[in-house]
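To start, the structure under review is shown below, and the notes come after it.
Whatever order the structure lists them in is the order used to number ligands and atoms, beginning at 1. Quick caveat, the model's predicted, so the values are computed rather than measured.
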Amino acid sequence: MNSMYDCFTLRNGVEIPCVGYGTYKAAEGNSADIIRTALEAGYRYFDTASFYGTEEYLAQAIRESGIARGELFLASKMWRDEMGYEQTKAAFQRSLERLETDYLDLYLIHWPRPDAACTGWKQLDIDTWRAMEELYAAGKVRAIGLSNFLPQHIENLMQNGTTLPMVNQIEFHPGYVQEATVRYCQEHGIQMQAWSPMGRTRVLNDPLVTELAQKYGVSTAQICLRYALQRNVIPLPKSSSMARMKQNQDLFSFAISQEDMFRLDTMPQTGWSGLHPDAF
Ligand code: A2P
């Protein structure tokens, strides 16, 4: 990879940019302005979700930018209360309308279960996935996948679905690398993505990450994002500032050595959000 426009190839041949922009945080500020800035900064891959409340702002910013739909990679997710066969199709349609588009590049199940008490999650996931498969077969979405799914959740779909998930997006950063899930997905050809690739800033003052930032002459944020890339995990950083958006794209002029990658792989747990899909 030599720039954020270089792509990983999903199992169905769809090309996905190796760095995206996470729009979750944008809901806290003037969202359309922030997303417009992200477009100006050069981002073309935008990760949103019905839960984030940013789909309309993303549509507005794109409309005002004049950038053609075909130049963009748009991903969204249905929320935990939108799971189920009919519900998923309706949720997808609402996302299309809010995004002012007639197709998505990627659609994900946001969480594998509505809450920890939901004992019927396996059937719910199967029904939800069947709707996703039909949206994919109908050409309304170019790729389908998962978010926050652990191997036990993915196995259920492997055994009961007909289309293998193409993507899984999880919390991933130095200090919380979810090794079992990453290994499982990479062995099964599921493209991994990182939400909160810098642990929502919780990792940026870590002593090891700071030491490596000094060694490579970059910021601690760049160490976190480059770490994800070298693990073949697509980072989806959020930022509200042009300068930091640009910095978060500057990931291709240095490489973390194998020894330092091992140190990041094995550092003590830090910066975990506290969110676990089976323990809400
Ligand atoms: P800001 O919007 O002020 O840039 P994550 O993507 O891991 O959830 O982290 C998002 C948080 O990290 C935001 O609070 C964002 O703040 C901050 N952030 C993003 N990029 C950088 C950077 N390059 N340096 C420092 N903080 C950053």
Side-chain angles (χ1 to χ4, degrees), residues 3-4 16-49 51-54 57-58 61 73 75-77 108 110-111 147-148 167-178 181-182 192-231 233-254 256 264 267 269-277:
S3 91
M4 70 164 174
I16 183 168
C18 67
V19 179
Y21 177 81
T23 65
Y24 182 33
K25 154 112 186 167
E28 290 166 19
N30 188 339
S31 299
D33 280 352
I34 293 172
I35 295 170
R36 199 177 305 111
T37 306
L39 281 162
E40 283 165 20
Y43 287 106
R44 291 296 177 266
Y45 173 9
F46 288 87
D47 179 80
T48 183
F51 176 72
Y52 298 169
T54 50
Y57 298 113
L58 179 53
F73 191 99
S76 193
K77 321 178 187 79
L108 308 177
H110 207 142
W111 290 90
S147 182
N148 300 301
V167 165
N168 189 23
Q169 181 184 131
I170 61 170
E171 179 177 356
F172 177 94
H173 49 75
Y176 195 67
V177 290
Q178 306 213 52
T181 299
V182 171
M192 292 305 302
Q193 308 187 315
W195 62 260
S196 279
M198 40 202 139
R200 208 151 294 168
T201 70
R202 289 179 293 266
V203 182
L204 299 182
N205 293 322
D206 175 83
L208 173 61
V209 178
T210 303
E211 177 200 318
L212 297 181
Q214 283 164 3
K215 173 176 172 182
Y216 291 96
V218 296
S219 72
T220 51
Q222 287 167 297
I223 291 290
C224 292
L225 300 175
R226 177 75 200 185
Y227 171 75
L229 276 177
Q230 287 188 218
R231 294 286 313 264
V233 177
I234 297 173
L236 302 167
K238 302 185 278 291
S239 180
S240 54
S241 107
M242 172 66 95
R244 287 188 291 281
M245 288 174 188
K246 287 280 194 193
Q247 183 190 108
N248 296 346
Q249 300 167 5
D250 180 9
L251 308 174
F252 304 93
S253 57
F254 69 105
I256 303 171
L264 290 166
M267 64 189 260
Q269 179 170 308
T270 187
W272 179 41
S273 66
L275 296 173
H276 188 286

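A side chain to side chain contact (heavy atoms under 4.5 Å, CB included) with V209 holds for exactly one of V203, T270, L204; it is V203.
With a 4.0 Å cut-off on non-hydrogen atoms, A221 touches ligand 1 through its side chain and not its backbone. When non-hydrogen atoms are compared, ligand 1 lies under 4.0 Å from neither the backbone nor the side chain of T220.
Around atom 19 (C) of ligand 1, the closest heavy atom drawn from M245, R244, K238 belongs to K238. Checking Q247, Q249, R200 against atom 9 (O) of ligand 1, the nearest heavy atom belongs to R200.
At least one heavy atom of P197 sits closer than 4.0 Å to an atom of ligand 1. Residue G22 places no heavy atom under 4.0 Å from ligand 1.
For the residue pair S196 and E171, no side-chain donor N or O sits within less than 3.5 Å of a side-chain acceptor on the partner. Between the side chains of T37 and E40, not a single donor N or O lies within less than 3.5 Å of an accepting N or O.
Atoms of ligand 1 found under 4.0 Å from any heavy atom of P237, numbered from 1 in the order shown, are 6 (O). Annotation for ligand 1: atoms under 4.0 Å from non-hydrogen atoms of S240 are 1 (P), 2 (O), 3 (O), 4 (O). Residue L204 approaches ligand 1 through these ligand atoms, each under 4.0 Å from one of its heavy atoms: 25 (C), 26 (N).
The protein heavy-atom contact nearest to atom 20 (N) of ligand 1 is N248 ND2, 2.9 Å. Scanning the protein heavy atoms around atom 11 (C) of ligand 1, the nearest turns out to be T201 CG2, 3.6 Å.
Looking at ligand 1, you won't find any N or O of S219 less than 3.5 Å from one of its N or O atoms.
Atom CE in M4 sits 8.5 Å away from atom CZ in F252 (nearest 0.5 Å).
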Test log, rule side chain to side chain contact (heavy atoms under 4.5 Å, CB included), inputs Y227 and H173: CA-CA 8 Å; Y227 171 75; H173 49 75; over 6 Å; no
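By the 30° and 60° cut-offs, the orientation of the rings of W195 relative to W111 is perpendicular. By the 30° and 60° cut-offs, the orientation of the rings of F73 relative to Y45 is perpendicular. The aromatic rings of Y43 and Y21 are tilted relative to each other, their planes meeting at an angle between 30° and 60°.
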